[in-house]
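Structure first, then comments.
One-based numbering along the sequence shown. Note that the coordinates shown come from a computational prediction; the quantities given were computed from them, not determined experimentally.
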Amino acid sequence: MINDLTFKTGWQPGLIGGIAAAHGRYYADHWGFGAVFESQVGRGCGQYLERVRPDDLTLSVWDGDRFAGSLILDLNDPDALGAAHLRWFIVTSPGQGLGRRLMDQAMTHLDQQRRPCFLTTFQGLDAARRLYEN
């Protein structure tokens with residue numbers, strides 16, 4: 001149950017750990033991913049936060065001081081060749097509209113930046129796919 005919900009931008013204390021833990025739990029439970037995947041998520045988030053620039057967008061949702069979701073629009077990914085890279089999109093309480101709110105904020109920011117955008121995903125993430133297609 002979401003109680004004291006707050007949407008924040010930029011780095012927040014516990015953000016990397018929250019993102020890595022949420023991804024680790026979800027992908028272990030649903031896809032059998034292990035420690036290597038969770039460590040890759042944490043490492044990637046850390047690398048992003050070390051090079052973040054003002055045009056990037058770091059969004060997170062917090063229920064009090066508990067991580068509840070994130071979406072990062074990485075406009076300066078060195079491997080993206082000028083495109084925006086949508087990354088680390090996850091909510092811990094699906095079905096409450098958090099993902100839609102995060103996606104709407106990200107797409108508004110992307111429209112202002114006038115750049116193409118891509119994400120890396122795989123078949124079977126149907127709830128997320130509906131958000132990506134809208």
Side-chain angles (χ1 to χ4, degrees):
M1 178 70 183
I2 302 294
N3 296 317
D4 183 23
L5 195 63
T6 306
F7 285 75
K8 298 182 179 184
T9 58
W11 174 82
Q12 304 296 318
L15 181 61
I16 295 171
I19 291 172
H23 278 79
R25 280 191 290 276
Y26 178 84
Y27 287 94
D29 290 347
H30 293 91
W31 300 96
F33 290 11
V36 170
F37 174 74
E38 187 173 341
S39 71
Q40 288 173 336
V41 170
R43 185 171 38 258
C45 287
Q47 290 168 343
Y48 163 77
L49 287 169
E50 288 176 356
R51 65 172 171 73
V52 69
R53 293 184 26 202
D55 57 338
D56 294 317
L57 182 64
T58 306
L59 299 173
S60 56
V61 184
W62 301 84
D63 182 7
D65 63 355
R66 269 191 18 238
F67 175 86
S70 65
L71 187 154
I72 290 176
L73 197 54
D74 186 350
L75 283 93
N76 297 287
D77 180 345
D79 298 322
L81 303 174
H85 189 178
L86 193 151
R87 310 178 81 174
W88 305 300
F89 180 32
I90 195 160
V91 295
T92 60
S93 297
Q96 301 200 26
L98 302 181
R100 168 57 50 211
R101 287 182 63 186
L102 289 168
M103 184 63 74
D104 287 348
Q105 288 181 42
M107 293 302 101
T108 297
H109 185 78
L110 185 62
D111 287 345
Q112 295 167 351
Q113 299 298 316
R114 298 180 171 263
R115 293 209 200 164
C117 182
F118 75 96
L119 63 98
T120 304
T121 189
F122 57 89
Q123 187 172 2
L125 300 175
D126 298 326
R129 180 179 178 170
R130 285 189 293 280
L131 289 171
Y132 302 145
E133 290 177 336
N134 290 327

Quiz item: Does atom CG of Asp65 have more than 12 heavy-atom neighbours, drawn from other residues, nucleotides or ligands, at distances under 6.0 Å?
Solution: no
Quiz item: If you look at every heavy atom in Val91 and Gly99, which pair is closest and at what distance?
Solution: CG1-N, 3.7 Å
Exercise. Would you check, one step at a time, whether the test side-chain contact (heavy atoms from CB on, under 4.5 Å) holds for Asp56 with Ile72?
Key: CA-CA 8 Å; Asp56 294 317; Ile72 290 176; over 6 Å; no
Self-check item: Rounded distance [0.5 Å steps], CG in Asn76 versus CG in Asp79
Solution: 12.5 Å
Self-check item: Arg87 CZ to Leu71 CG distance, which is reported to the nearest 0.5 Å
Solution: 11.5 Å
Quiz item: Going by the angle between their ring planes, with limits at 30° and 60°, are Phe37 and Phe33 parallel, tilted or perpendicular?
Solution: perpendicular
Quiz item: Cation-pi between Arg101 and Phe7: NZ/CZ under 6.0 Å from ring centre and within 45° of the ring axis?
Solution: yes
Quiz prompt | Ile19 side chain reached by Phe67 side chain, heavy atoms, under 4.5 Å | solution = yes
Exercise. For side-chain contact (heavy atoms from CB on, under 4.5 Å), just list the numbers for Ser70 and Leu102, CA-CA rounded to whole Å, side-chain angles, deciding distance to a tenth of an Å, and then say yes or no.
Key: CA-CA 7 Å; Ser70 65; Leu102 289 168; 5.7 Å; no
Practice problem: State yes or no: do Trp11 and Val41 share one hydrophobic cluster built from I, L, V, M, F, W and Y residues joined by side-chain heavy-atom distances below 4.5 Å, directly or via other members? | Solution: yes
Self-check item: Minimal non-hydrogen separation, Ala84 against Leu110, with atom names
Solution: CB-CD1, 3.6 Å
Quiz item: What distance do Arg114 atom CZ and Gln112 atom CD have between them, rounded to the nearest 0.5 Å?
Solution: 10.0 Å
Quiz item: Is there a side-chain contact between Trp88 and Tyr48, using heavy atoms and a 4.5 Å cut-off?
Solution: yes
Quiz item: Could you state the interatomic distance from CZ (Arg115) to NE2 (His85), rounded to the nearest 0.5 Å?
Solution: 13.5 Å
Quiz prompt | Candidate pair Phe89 and Leu119, rule side-chain contact (heavy atoms from CB on, under 4.5 Å), full reasoning | solution = CA-CA 10 Å; Phe89 180 32; Leu119 63 98; over 6 Å; no
Self-check item: Arg51 and Asp74 ion-paired at < 4.0 Å
Solution: yes
Practice problem: Indicate yes or no: at least one non-hydrogen side-chain atom of Arg53 is less than 4.5 angstrom from one of Leu75. | Solution: no
Practice problem: Could you tell me which non-hydrogen atom of Ser60 sits nearest to which non-hydrogen atom of Gln12, and how far apart they are? | Solution: OG-CG, 3.8 Å
Quiz item: Is the closest side-chain heavy-atom distance between Ile90 and Tyr26 below 4.5 Å?
Solution: yes
Exercise. With the side chain counted from C-beta on, respond yes when Leu5 and Leu98 share a heavy-atom pair under 4.5 Å apart, and no when they do not.
Key: yes
Quiz prompt | Least distance between heavy atoms, Leu73 atom then Ala106 atom | solution = CD2-O, 3.4 Å
Quiz item: Are any of the side-chain heavy atoms of Leu86 and Met103 separated by less than 4.5 Å?
Solution: yes
Quiz prompt | Steps toward side-chain contact (heavy atoms from CB on, under 4.5 Å) verdict (Cys45, Leu15) | solution = CA-CA 9 Å; Cys45 287; Leu15 181 61; over 6 Å; no
Practice problem: Can you measure from CG (Leu49) to CD1 (Ile16) and round to the nearest 0.5 angstrom? | Solution: 4.5 Å
Self-check item: Contact check, side chains of Thr9 and His109, non-hydrogen atoms, under 4.5 Å
Solution: no
